[in-house]
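One structure below.
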Amino acid sequence: MNTYRMMNRYRKTKAVASLFGLLLIMSLTSNATAQESPTLSFVRHNYDLFSESMGVGAGASYGRTHYIYTSPTSIFRNDVKGITASWTTKYLPNEEIGFDTGRSVYNALSLGWRIKRHAILVGARYAHSPKILTSNHYGDGRMLTPRDLSVDLGYAVQISDAWSAYAIGHFVMSQINKIAYTGGGSIGVGYAPQAINGVVPTHWSLALRNVGGLVQYGKAGGKYRMPGSVTFSGDAAYQLCSDWLLQGMVSADYVLQPLKSKVYTAGGGLSLTYHKGLSMRLGGAFTNHMSYLSMGVGYHLLERIDLNLSYRLCTQDRAFNQFGVGLSFDLGKARDTSKPFVY
């Protein structure tokens with residue numbers, strides 16, 4: 001029986017490694033013909049406001065909500081029983097474009113269904129920007145609202161008590177003056193070693209995210225590629241006393257697709273939780289040209305509902321500030337909040 005389990009885990013590990021290699025080859029061999037899309041950046045947003053308000057981007061090692069868009073393996077760490085449903089909306093400041101004003105809005109809706117050591121994940125992301133005036137070769141045009149939509153399906157597996165892995169497929173539609181379609185994938189592994197001194201649980205994750213194909217807005221339009229990246233993240237938790245829990249998280253992300261973009265992001269922060277209910281978070285992040293301060297609050301009530309608010313302040317340009325509100329429900333049995341890393 002032990003030999004069978006070891007062989008089964010070996011086959012799962014080998015399959016994960018093969019998928020990693022395939023996505024990496026796709027990202028590195030498709031950089032010469034395309035540039036990063038100014039619209040498909042919506043797939044790089046972190047829709048889990050718990051980790052985002054700690055300064056951590058999408059692909060964080062730990063998430064409270066939207067497992068498919070943050071950390072699919074967190075569904076095992078939170079000991080979720082049944083289905084978790086999550087919704088998030090994020091708002092950017094009003095912009096003035098010509099004689100019109102408007103704001104960019106990002107939305108996400110997802111479901112995570114855990115079945116023992118397996119989990120099925122589905123979700124959709126939708127974003128729209130302020131109206132723009134398009135033009136043609138006659139010099140006139142019409143007002144158009146740029147829109148982006150992503151429908152996603154994923155699978156996660158708990159290989160052992162320490163190791164877990166996931167794979168996600170993305171179907172993307174983007175519209176400016178024309179509608180364009182593309183597809184891609186994400187894959188990642190999570191590692192949760194023995195708690196340090198038995199009281200400080202840690203978790204680490206490595207992921208290839210949003211590696212995908214080209215979009216082209218009409219025959220004469222430019223070719224753009226999904227912003228595929230590699231992300232490394234880690235977190236730790238410490239029980240200060242019976243009522244207070246301290247959590248920390250860090251992450252680093254580098255865009256591989258297209259490689260010439262040379263975009264990197266690093267961030268981290270802390271969360272302080274009282275009585276496994278009220279949570280206060282603070283963090284920061286920086287990129288090639290920008291730096292951000294993030295903050296947020298959350299409340300876990302009735303052992304089933306998570307309510308989260310977050311605000312991100314860009315120190316260089318207020319146009320990149322954003323406010324987010326999110327809600328999550330555990331539709332099955334309540335998660336096990338006796339574990340030290342769950343508030």
- Evaluation steps, salt bridge (charged side-chain N to carboxylate O under 4.0 Å, His left out), between Arg117 and Asp161: CA-CA 10 Å; Arg117 287 182 172 267; Asp161 291 339; 3.4 Å; yes

- Query: Does the pair Tyr155 and His118 meet the rule for a side chain to side chain donor-acceptor pair (under 3.5 Å), with working shown?
  - Reply: CA-CA 7 Å; Tyr155 167 75; His118 307 271; 2.5 Å; yes

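- Every residue two or more places apart in sequence or in another chain was checked for a side chain to side chain contact (heavy atoms under 4.5 Å, CB included) with Ala124, and none qualifies.
- Proximity of Leu149 to Arg125: side-chain heavy atoms (C-beta onward) are nowhere separated by under 4.5 Å.
- In this structure a side-chain-to-backbone donor-acceptor pair under 3.5 Å is missing from Gln257 to Ser229.
- Scored by the side chain to side chain contact (heavy atoms under 4.5 Å, CB included) test, Phe232 finds Trp204, Leu206 as partners (sequence neighbours excluded).
- Side-chain atoms of Asn288 come within 3.5 Å of backbone atoms of Tyr264 as a donor-acceptor pair (strictly under, hydrogens ignored).
- Considering only residues two or more places apart in sequence or on other chains, Trp113 meets the ring-ring contact (aromatic ring centres under 6.0 Å, His included) condition with none of them.
- Checking Ser294 against Glu52 by side-chain atom types alone, no donor-acceptor pair falls below 3.5 Å.
- The closest side-chain donor-acceptor pair between His66 and Ser110 falls under 3.5 angstrom.
- Here the side chain of Asn107 pairs no donor or acceptor atom with the backbone of Lys90 at under 3.5 angstrom.
- Looking at Leu111 and Leu121, their side chains never come closer than 4.5 Å, going by heavy atoms from C-beta outward.
- Put simply, the side chain of Asp48 gets close to the backbone of Arg64: a donor and an acceptor are under 3.5 Å apart.
- Ring centers of Tyr106 and His45: under 6.0 Å apart, within the cut-off.
- Side-chain atoms of Ser186 and Arg209 form no donor-acceptor pair, as typed in the model, at a separation below 3.5 Å.
- When only modelled atom types and interatomic distance are considered, Asn308 and Thr65 share no side-chain donor-acceptor pair under 3.5 Å.
- For Trp244, the ring-ring contact (aromatic ring centres under 6.0 Å, His included) criterion is met by Tyr274, not counting sequence neighbours.
- Counting only N and O atoms by type, the side chains of Tyr126 and Arg147 include a donor and acceptor under 3.5 Å apart.
- Remark: Ser129 pairs with Ser104, Pro146 by the side chain to side chain contact (heavy atoms under 4.5 Å, CB included) rule, at least two apart or across chains.
- Between the His170 side chain and the Asp152 main chain, no donor and acceptor come within less than 3.5 Å of each other.
- Between the side chain of Thr287 and the backbone N or O of Met290 there is at least one donor-acceptor pair closer than 3.5 Å.
- Donor-acceptor pairing under 3.5 Å is recorded for the side chains of Arg281 and Ser279.
- Proximity of Ile305 to Tyr299: side-chain heavy atoms (C-beta onward) are nowhere separated by under 4.5 Å.
- Defined by atom type and a distance below 3.5 Å, a donor-acceptor pair is present between the side-chain atoms of Thr315 and Ser291.
- Residues that satisfy the ring-ring contact (aromatic ring centres under 6.0 Å, His included) test with Tyr292, not counting sequence neighbours, are absent from this structure.
- Between the side chain of Thr182 and the backbone N or O of Gly213 there is at least one donor-acceptor pair closer than 3.5 Å.
- Between the side chains of Asp253 and Thr265, no donor-acceptor pair is found at a separation under 3.5 Å.
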